[in-house]
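Read the structure below first, then the notes.
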There are 2 protein chains.
Amino acid sequence: MARQNEGNPRTSDKTIGRLSLYRRLLNVLQGEGHRHVFSHQLAGIAGCTAAQVRRDLMAVGYSGSPIHGYEVVRLIESIREFLDAPGGQGVALVGVGNLGKAILAYFTGRRPNLRIVAAFDNDAHKVNRVIHGCHCHAMADLPQVVKKLGIRLAIITVPANAAQEVAEGLSRVGVRGLLNFAPVRLRVPPNVYVEDIDMTMSLEKVAYFARLAGAEKEGKP
Amino acid sequence: MARQNEGNPRTSDKTIGRLSLYRRLLNVLQGEGHRHVFSHQLAGIAGCTAAQVRRDLMAVGYSGSPIHGYEVVRLIESIREFLDAPGGQGVALVGVGNLGKAILAYFTGRRPNLRIVAAFDNDAHKVNRVIHGCHCHAMADLPQVVKKLGIRLAIITVPANAAQEVAEGLSRVGVRGLLNFAPVRLRVPPNVYVEDIDMTMSLEKVAYFARLAGAEKEGKP
DNA sequence: TACTGTTTGTGAAAACATTCACAGCGTGAG
DNA sequence: CTCACGCTGTGAATGTTTTCACAAACAGTA
Ligand SMILES: NC(=O)c1ccc[n+]([C@@H]2O[C@H](COP(=O)([O-])OP(=O)(O)OC[C@H]3O[C@@H](n4cnc5c(N)ncnc54)[C@H](O)[C@@H]3O)[C@@H](O)[C@H]2O)c1
Ligand SMILES: NC(=O)c1ccc[n+]([C@@H]2O[C@H](COP(=O)([O-])OP(=O)(O)OC[C@H]3O[C@@H](n4cnc5c(N)ncnc54)[C@H](O)[C@@H]3O)[C@@H](O)[C@H]2O)c1
């Protein structure tokens, strides 16, 4: 089936994000009973242009038909093949505080491909308890648990001043991708990918552009 | 002082985000007693290039000295003038669930310029209670509370199927900026700015690029 | 004074991302 | 059958963001 193009110009960050979005939208469409979808329909619900959708889909190597558009099931499958690791990947969460707990609650029993399989904290009150269906380990056990479960991805929700240290510990035991919520720029080896979610920054962006939209002209840039 | 350039080519999204980041880093530097900073130093801790920093700073209209670099205090002040609304802005949070509570806990008593001044939920158990220092109102009171407090920004942390309705309600009563955590593309009037934080998408991005970094070469693109 | 070393601000180039626009194709109408 | 239609996939054009590279400024040094 869908052959992911090989010696290609590295698929961009933005495209990967949108593929993830398309997949979610396609799942909704599938649930509503749609068998086929056209690029302009997907674009409409994704909030981008039809050309953008088609360009992004080039990366996954599944071609639609000019007559029926894309077959929903097959497109979902092709995106899955392109994005997901075969067999799924376990994720660790470090820092079971307010945010960490919310994330555990949210991801528990959700996407079967990416599931949080272990939590870690240095607070004795949390260690060895099951929180939202996930066992919380002591930090000292991190190396062995990560190795045992073959974990290569982690979510960091510890306070800012602990994040660098945690990131280093994770990198050292073979974790290759970090989703970081701490408002700190992590320094990691070049073979570790870091994605930051910085709520304060996002909120300030909203404040700035909302002010522009109110005071000057209008619209989202 | 620092004159924000006026008839300028609309400052980009990305630049605004980085200015917010620079400001936070500068506050740390100031706390450590630094008086001056060079673009390459700021770049080092921000994780970008010196040229990028200088280019971004052009937007705020504060010039550094080739000898001492940028004066930390004055640069913070210039960024503040450029980004922030004078007098600060109140923010509403709608949906006091797991994530909403974590966010309330985090932002309470934090940045004085952007503070959460009201929370809303439709769950009778939460209405009229004070949660992490913030009063939770009924949804029915949203219009009057928003008007009374002059709220123009909101954070949406309701379930996906309620998000569109909530966004419309907020737009209708004059809110101009939304920070949306629900995994849904909101349709709002063109004078409302929406910023999405989509954790699932971010995590899938991490998974994809971590896999590349592991399997192929290395490094964060 | 003249020279060195360092940094800023910014035009110009390069890299990257999005959109345009159209050939090609299969379908269904006539 | 022939034609017109509407869509895909993609080369080329356009738009945006980042990086390069250098003139200008000036403290320190001798
Ligand atoms: N809560 C939010 O909405 C929010 C918003 C933006 C950013 N953040 C960031 O997310 C992070 C977590 O926020 P939070 O509100 O959940 O904080 P929190 O204090 O509620 O939770 C932090 C958790 O990390 C644990 N921890 C502390 N040091 C540790 C270490 N060295 N190793 C392992 N665990 C450790 C603590 O025991 C605690 O359980 C912070 O960096 C914060 O800046 C949170
Ligand atoms: N928790 C997470 O880590 C996480 C991660 C990614 C995305 N999200 C998204 O964030 C949103 C909130 O997640 P959560 O885990 O806090 O969910 P939650 O169920 O814990 O909280 C939702 C809250 O919204 C309230 N609510 C429901 N319908 C409402 C309405 N019409 N008007 C006002 N309030 C209403 C509920 O009473 C509840 O308090 C969801 O859209 C979820 O998809 C959450």
Side-chain angles (χ1 to χ4, degrees), chain A residues 2-5 7-22 26 34-44 46-72 74-75 78-79 82 205 209 219-221, chain B residues 2-5 7-22 26 29 34-72 74-75 78-79 82 205 209 219-221:
Chain A
R3 195 80 225 94
Q4 46 193 87
N5 47 9
N8 47 0
R10 192 90 87 274
T11 308
S12 88
D13 186 66
K14 303 244 182 101
T15 292
I16 297 297
R18 282 188 302 262
L19 287 173
S20 166
L21 171 64
Y22 301 152
L26 287 164
H34 291 76
R35 296 296 181 82
H36 301 274
V37 67
F38 292 120
S39 63
H40 65 88
Q41 298 175 308
L42 204 43
C48 63
T49 68
Q52 179 96 80
V53 170
R54 294 201 299 275
R55 180 72 62 186
D56 288 337
L57 293 186
M58 285 176 70
V60 312
Y62 165 65
S63 287
S65 132
I67 304 307
H68 300 110
Y70 305 92
E71 215 179 306
V72 175
R74 298 236 290 136
L75 184 48
S78 297
I79 294 176
F82 179 76
K205 243 157 84 164
F209 286 111
K220 162 179 181 168
Chain B
R3 195 80 225 95
Q4 45 192 89
N5 46 9
N8 48 0
R10 194 91 85 271
T11 308
S12 89
D13 187 66
K14 303 243 182 103
T15 292
I16 297 298
R18 282 188 301 262
L19 286 173
S20 167
L21 171 63
Y22 300 152
L26 287 164
L29 287 177
H34 291 75
R35 295 295 180 79
H36 300 275
V37 67
F38 293 120
S39 62
H40 66 88
Q41 298 176 308
L42 204 43
I45 48 183
C48 62
T49 67
Q52 179 96 81
V53 169
R54 294 202 298 274
R55 181 72 61 186
D56 289 336
L57 293 186
M58 284 176 70
V60 312
Y62 166 65
S63 287
S65 132
I67 303 306
H68 300 109
Y70 304 93
E71 215 179 307
V72 175
R74 298 235 290 136
L75 184 49
S78 297
I79 295 176
F82 179 75
K205 243 158 82 163
F209 287 110
K220 163 174 181 173

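Naming: A, B, ... by sequence-line order, numbering from 1 per chain. A quick note: this is a predicted structure, and the numbers were derived from the prediction, not measured.
Regarding D13(B), its CG atom lies at a distance of 12 Å from the C1' atom of dT16(D), rounded to whole Å. In this structure, NZ of K14(A) is placed 12 Å from C1' of dT18(D), rounded to the nearest angstrom. Per the geometry, CD1 belonging to I16(B) stands 16 Å off P belonging to dT16(D), to the nearest Å. Regarding F38(A), its CZ atom lies at a distance of 15 Å from the C1' atom of dG9(D), rounded to whole Å. Computed from coordinates, the D56(A) CG to dT8(D) P distance equals 14 Å when rounded to whole Å. If you take CG of L19(B) and P of dT17(D), they are 13 Å apart, rounded to a whole angstrom.
Scanning for side chain to side chain contact (heavy atoms under 4.5 Å, CB included) contacts around S63(B) gives an empty result, with sequence neighbours left out. Every residue two or more places apart in sequence or in another chain that forms a side chain to side chain contact (heavy atoms under 4.5 Å, CB included) with S39(B) is listed here: A50(B), V53(B), R54(B), Y70(B). With sequence neighbours excluded, the residues satisfying side chain to side chain donor-acceptor pair (under 3.5 Å) with S12(B) are T15(B). For H34(A), there are no ring-ring contact (aromatic ring centres under 6.0 Å, His included) partners at least two apart in sequence or on another chain. Contacts of R18(B) classified as salt bridge (Lys or Arg N to Asp or Glu O under 4.0 Å), with partners at least two apart in sequence or in another chain: D56(B).
Here the range on DNA chain C touched by chain A, meaning any atom under 4.0 Å from one of its heavy atoms, is dA17(C) to dT27(C).
Expressed to the nearest 0.5 Å, how far CD1 of I45(B) lies from OH of Y22(B) amounts to 10.5 Å. Note: K205(B) NZ to K14(A) NZ = 8.5 Å, rounded to the nearest 0.5 Å. The distance from the CD1 atom of I79(A) to the CG atom of L21(A) is 9.5 Å, given to the nearest 0.5 Å. Taken from CD1 in I67(A) to CZ in F38(A), the straight-line distance is 8.0 Å, to the nearest 0.5 Å. From L26(A), atom CG reaches atom CG of L19(A) across 10.0 Å, with rounding to the nearest 0.5 Å. I16(A) CD1 to F209(B) CZ: the interatomic distance, rounded to the nearest 0.5 Å, is 5.0 Å.
With the end axes of the helix from dT1(C)-dA30(D) to dG30(C)-dC1(D) each set by five pairs, the angle from one to the other reads 10° at 10° resolution.
Within 4.0 Å of T15(B), counting heavy atoms only, lies no atom of the nucleic acid at all. Across all strands, H68(A) comes closer than 4.0 Å to no nucleic acid atom at all (heavy-atom distances).
Residue S39(A) has a polar side-chain atom (N or O) positioned under 4.0 Å from OP1 or OP2 of dT8(D).
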Pick out the pairs of N or O atoms, protein on one side and nucleotides 12-15 of chain D on the other, that lie under 3.5 Å.
from	atom 1	to	atom 2	distance (Å)
dA12(D)	N6	R55(A)	NH2	3.1

Output a table of nitrogen or oxygen pairs between the protein and nucleotides 28-30 of chain D separated by less than 3.5 Å.
none

Distances for protein N or O near nucleotides 23-26 of chain D N or O, under 3.5 Å:
none

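Only R54(B), listed by number, bring a heavy atom of residues 42-54 of chain B to less than 4.0 angstrom from any atom of DNA chain C.
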